[in-house]
K.L.:
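Please read through the structure below; I'll follow up with questions.
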Amino acid sequence: MLQIQHLTKRFGDHVAVDDLSLHIAPGEIYGFIGHNGAGKTTTLRSVAGIQQFDAGEIRIGGVSIKSDPLACKRTMAYIPDNPDLYDYMTGIQFLNFIGDVFAVPADVRQSRIRDYAGRFELTKDLAQPISAYSHGMKQKLAIISAWLHQPRLILMDEPFVGLDPKASHLLKEMMHEVCSDGGAIFFSTHVLEVAEKLCDKVAIIRRGALVRSGTMEEVKGDASLESVFLELEAE
Amino acid sequence: MVKLLIKKQMREIFRSWFVNQKTNQRRSKAGIIGFTLLFVVLMVVVLGGMFTALSFSLAPPLAAAGVGWLHFSIMTLLAILLGVFGSVFNTYSSLYLAKDNDLLLSLPIPPRALILSRLLSVYLMGLMYSACVTVPAVVVWWIVEGATVSNVIGGILLIFLVSVFVLLLSCLLGWVVAKVSLRLKNKSFTVVILSLVFIGLYYFVYFKAQELIQQLIANAVVYGNAVQRSAYPVYLTGRVGEGDWLAMLIVTAVMALLTFLTWRVLSRSFLGIATSTGAAGAKRVYKERAVRAQSMPRALLQKELRRFVSNANYMLNCGLSILFMPVAAVALLWKGREFVDLLRNVIPGQPGILAALLCSAICLMASMNDMAAPAVSLEGKSLWLLQSLPVPAWEALRAKLNLQLVLTAPLALLCGACAAVALRASLLETALLVVVPLLYCVLLAAVALLLGTVRADLHWTNEIAPIKQSMAVFIVLLLGWLFAIIPGGGWLLLGGKMPLAAFLALLVVLFGGLSTLVIAWLKKSGAKRFETLS
């Protein structure tokens with residue numbers, strides 16, 4: 001589903017991502033962990049096609065993000081850590097805008113909005129301008145918009161920040177649904193307990209370089225993910 | 001505590017003096033000196049000079065007529081108007097919308113100390129504007145009538161009392177604005193309409209001022225008696241400037257009472273308004289309606305349109321043609337023929353000159369629409385959306401280009417058609433009036449977008465920066481004027497040397513060719529640049 005090969009991204013002299021390679025297969029929930037500034041967001045932004053990179057290759061469903069970014073973007077969705085949405089739109093206007101961009105048919109779109117907004121208890125607020133939304137509500141709206149066109153790959157940067165416990169639980173359920181339908185999830189998080197319980201595979205990144213990756217068992221063995229992470233950080 | 005808050009407030013007020021608001025970088029020494037000089041020129045030379053001249057034209061005849069107080073009354077009213085106009089929105093935003101209200105209210109700070117420190121900044125703003133009128137008025141009076149102990153004390157007291165009154169009125173109006181805005185729907189449209197009314201009033205008074213002053217001087221005693229009878233407080237205030245001790249005492253006492261009352265109103269209502277989320281009134285609840293899917297280009301254009309109408313500053317600064325062009329079209333139909341006949345007498349010359357000049361006039365009006373210039377910068381922090389969605393960069397740019405075209409070209413066409421009717425234009429002249437303004441609209445929109453893309457600034461903290469203070473908008477404005485004078489100016493130069501048809505073809509090739517080049521750049525290099533913006 002997603003292949004990252006030797007990805008390198010520099011900002012001036014600083015190497016943000018250093019020769020990173022990952023492979024995420026259909027049906028996998030892949031966690032991406034690392035300390036602040038480790039290169040998680042840079043990697044996710046590069047995969048999402050927002051950021052150009054200096055070396056390496058990113059393929060989504062076998063298609064290169066460099067050579068055909070639009071085809072890649074049609075099959076995926078990206079939610080940043082702090083979703084700055086269009087404040088001048090209402091929630092429903094924003095969802096319809098996303099629906100139009102992805103050419104989601106009107107009836108399909110309507111039923112999906114009804115379903116997801118209902119699940120997140122956001123239906124009543126859809127007529128409100130986004131500027132009046134709280135951080136959590138914006139996060140929920142961003143999630144609904146990401147799920148609206150049923151992408152095959154979903155990229156999320158710290159998706160649980162700002163969500164209430166019920167919404168967090170719901171998001172986890174929805175992530176499993178995507179994977180059981182053959183999709184894949186690649187997300188970054190600082191909450192190691194969440195990663196440990198939710199992810200099929202995990203990658204740990206430090207100073208832009210991959211230090212360990214694989215299935216949860218391969219990465220942590222008998223220890224907790226937290227202790228492995230702290231141990232790797234200390235090295 | 002108050003001292004500490006005032007210190008913080010002062011730092012905020014004078015921040016723009018030392019820090020560039022757009023880049024958030026500290027200004028250089030030369031920058032600070034330049035900024036100070038510009039400010040001094042604007043406030044002292046331009047505003048102060050204007051009111052000094054006015055005062056010199058009023059004071060001698062009114063003093064001679066024995067109604068010297070009327071000079072002070074008129075200048076006081078002008079000072080109040082200028083001071084309040086300059087600081088009412090500042091009061092609203094600095095008292096109730098200050099970003100640190102929540103933080104400061106969570107600290108052990110008495111709300112009264114907070115209000116007091118905030119009011120000081122409002123007072124300084126009001127003083128700055130009102131002093132531009134009152135100081136010249138008082139100084140001119142001393143020059144004309146000679147300085148005495150009473151009129152020196154009266155003059156200084158008047159400057160102070162007017163600044164306090166400006167503060168009180170600003171507070172009151174700021175409080176009204178705050179109360180109204182909590183209940184207001186379509187805030188941006190309301191702000192646009194109110195601003196246009198203010199601008200309209202300003203120009204009305206500006207054009208009528210000379211006539212009014214002449215009338216006033218000619219009938220000073222009559223007007224003076226009328227004011228004394230029907231507006232006694234205005235008379236008393238004027239007397240303060242003349243140095244009347246009793247008037248000084250009464251006006252000072254009244255002002256103290258008004259200050260006390262305003263303080264009571266403010267301190268009782270401050271917390272309620274400052275901590276309101278702005279969600280007062282009935283919350284709109286979503287009701288499901290049938291959705292109509294639309295194409296991506298239409299959805300993108302609709303998005304741009306939504307942004308435009310949601311922002312009063314955007315509409316006021318980049319879309320004034322939307323208002324002026326229909327008004328011009330109606331005026332052309334209504335009084336156009338008389339106007340054209342008048343012009344024919346004033347500008348005799350080669351055929352087609354009036355059509356060329358009207359063509360330039362239409363282009364000049366269209367140049368007031370430049371919404372494409374700040375459109376890329378306005379994406380700001382939400383640019384990630386367009387970059388992560390499967391939207392070709394050129395489509396995103398084209399929507400911004402189309403926004404300007406949709407809001408300008410039909411109106412230019414309307415104006416051109418009305419001008420052709422008024423001019424009883426020939427076929428060639430009609431083509432000049434219709435085709436050239438349309439091509440001008442395309443060229444200006446493309447150039448605006450090009451400059452907006454090249455000079456995009458996504459890291460603004462206030463949307464005013466890309467809308468009003470960006471170099472792109474400034475250059476577009478200048479280029480708009482330059483392109484606009486080409487039809488009229490060109491025909492004045494070349495009219496005797498080539499037929500109108502050739503001149504029209506020349507303009508079509510020039511505007512059309514330039515537009516094609518700029519759009520070709522936007523499609524390729526502009527799109528590439530948009531993709532990599534961060």
Side-chain angles (χ1 to χ4, degrees), chain A residues 44-45 47-52 69-80 82-111 113-114 117 122-132 134 142 145-146 149 155, chain B residues 185-188 277-312 314 378-396 399 458 463 527-529 531-534:
Chain A
L44 283 166
R45 283 170 61 86
V47 176
I50 297 173
Q51 196 162 263
Q52 314 283 308
L70 292 180
C72 292
K73 288 174 186 178
R74 277 187 204 106
T75 63
M76 67 175 167
Y78 168 65
I79 304 172
N82 190 11
D84 286 297
L85 309 175
Y86 298 132
D87 278 355
Y88 50 88
M89 288 187 186
T90 64
I92 189 67
Q93 284 169 348
F94 178 71
L95 292 176
N96 274 318
F97 170 71
I98 298 292
D100 287 332
V101 167
F102 282 99
V104 181
D107 52 338
V108 177
R109 185 189 310 183
Q110 198 147 18
S111 81
I113 291 173
R114 195 183 304 135
L122 201 67
T123 310
K124 277 186 182 175
D125 297 300
L126 286 179
Q128 292 293 318
I130 295 174
S131 56
S134 68
S145 71
H149 63 106
L155 311 166
Chain B
K185 283 181 182 173
N186 300 323
K187 269 185 208 172
S188 52
T277 56
K283 194 173 158 184
R284 265 169 60 197
V285 175
Y286 171 66
K287 283 181 192 146
E288 196 177 291
R289 283 188 206 142
V291 174
R292 212 181 49 161
Q294 53 188 350
S295 67
M296 186 199 289
R298 279 186 73 97
L300 289 167
L301 179 61
Q302 195 181 49
K303 162 192 163 296
E304 295 300 328
L305 202 58
R306 282 200 171 115
R307 185 207 304 279
F308 181 69
V309 298
S310 72
N311 191 322
Y314 199 8
L378 280 172
E379 290 294 336
K381 287 179 182 170
S382 56
L383 182 70
W384 70 271
L385 270 163
L386 284 181
Q387 287 180 332
S388 67
L389 293 172
V391 175
W394 163 238
E395 284 294 341
L458 303 165
E463 69 207 4
K528 191 79 196 153
R529 191 170 167 77
E531 277 170 8
T532 53
L533 281 175
S534 62

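Order of the sequence lines fixes the chain letters, A, B, ..., with proteins taken first and strands second; residue numbering starts at 1 for each chain.
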K.L.:
Between B:Ser310 and chain A, which part of the residue has a heavy atom less than 4.5 Å away: side chain, backbone, both or neither?
P.N.:
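Looking at B:Ser310, just its side chain touches chain A.
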K.L.:
Contact between A:Asp125 and B:Tyr286 at the side-chain level, heavy atoms closer than 4.5 Å - yes or no?
P.N.:
no
K.L.:
Relative to chain A, which of B:Arg306, B:Met296, B:Arg292 shows the most heavy atom pairs under 4.5 Å?
P.N.:
B:Arg306
K.L.:
Please flag which part of A:Ile92 lies under 4.5 Å from any non-hydrogen atom of chain B: side chain, backbone, both or neither.
P.N.:
side chain
K.L.:
Tell me, for B:Leu300 versus chain A, whether the close heavy atoms (under 4.5 Å) come from the side chain, the backbone, both or neither.
P.N.:
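Its backbone and side chain both get close to chain A.
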K.L.:
Atom CD1 of A:Ile50 and atom CG of B:Leu389: how far apart are they, to the nearest 0.5 Å?
P.N.:
9.0 Å
K.L.:
Among residues at least two apart in sequence or on other chains, which ones pass salt bridge (charged side-chain N to carboxylate O under 4.0 Å, His left out) with A:Arg109?
P.N.:
A:Asp100
K.L.:
Answer with side chain, backbone, both or neither: which region of B:Pro392 has an atom nearer than 4.5 Å to a non-hydrogen atom of chain A?
P.N.:
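Backbone plus side chain of B:Pro392, per the 4.5 Å heavy-atom cut-off to chain A.
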K.L.:
Contact part of A:Pro83 toward chain B, heavy-atom cut-off under 4.5 Å: side chain, backbone, both or neither?
P.N.:
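A:Pro83 touches chain B through backbone and side-chain heavy atoms alike.
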K.L.:
Hey, does A:Leu85 have a side-chain heavy atom less than 4.5 Å from the side chain of B:Trp384?
P.N.:
yes
K.L.:
Does any backbone or side-chain atom of B:Leu386 lie under 4.5 Å from a heavy atom of chain A? Answer side chain, backbone, both or neither.
P.N.:
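Both parts, backbone and side chain.
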K.L.:
Need one label for B:Arg289: side chain, backbone, both or neither, based on atoms under 4.5 Å from any heavy atom in chain A.
P.N.:
backbone
K.L.:
Does a side-chain heavy-atom distance below 4.5 Å link A:Tyr88 with B:Val309?
P.N.:
no
K.L.:
Tell me which of these, B:Pro297, B:Ser295, B:Ala290, B:Ser382, has more heavy-atom pairs under 4.5 Å with chain A than the rest.
P.N.:
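Heavy-atom pairs under 4.5 Å are most numerous for B:Ser382.
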K.L.:
Tell me, out of A:Ala103, A:Gly99, A:Pro80, who's got the most heavy-atom pairs with chain B below 4.5 Å.
P.N.:
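Greatest number of close heavy-atom pairs with chain B: A:Pro80.
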K.L.:
Identify the heavy atoms of A:Arg74 and B:Pro390 that sit nearest to each other, and give their distance.
P.N.:
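Here A:Arg74 and B:Pro390 meet closest at CG-CB, 3.6 Å.
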K.L.:
Please, which pairs that meet salt bridge (Lys or Arg N to Asp or Glu O under 4.0 Å) have at least one residue in residues 379-391 of chain B, sequence neighbours excluded?
P.N.:
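For residues 379-391 of chain B, and leaving out neighbouring residues, the salt bridge (Lys or Arg N to Asp or Glu O under 4.0 Å) pairs sorted by first residue read B:Lys303-B:Glu379, B:Arg307-B:Glu379, B:Glu379-B:Lys400.
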K.L.:
Counting heavy-atom pairs closer than 4.5 Å to chain B, which one of A:Met89, A:Gln110, A:His149 comes out on top?
P.N.:
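Most heavy-atom pairs under 4.5 Å with chain B: A:Gln110.
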K.L.:
Is a side-chain N or O of A:Gln128 found less than 3.5 angstrom from the main chain of B:Arg284, in a donor-acceptor match?
P.N.:
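Present.
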K.L.:
Answer with side chain, backbone, both or neither: which region of A:Leu155 has an atom nearer than 4.5 Å to a non-hydrogen atom of chain B?
P.N.:
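Looking at A:Leu155, nothing touches chain B.
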K.L.:
Quick check for you: to the nearest 0.5 Å, what is the distance between A:Ile98 atom CD1 and B:Leu385 atom CG?
P.N.:
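The CG atom of B:Leu385 is 5.5 Å from CD1 of A:Ile98, to the nearest 0.5 Å.
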K.L.:
To the nearest 0.5 Å, what is the distance between CD1 (A:Ile79) and OG (B:Ser388)?
P.N.:
10.0 Å
K.L.:
Please check this pair: side chain of A:Lys73 against backbone of B:Gln387, looking for a donor-acceptor N/O pair closer than 3.5 Å.
P.N.:
yes
K.L.:
Compare all side-chain heavy atoms of B:Val391 with those of A:Phe102 and state whether any distance is below 4.5 angstrom.
P.N.:
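In short, these two side chains do not touch, never coming nearer than 4.5 Å.
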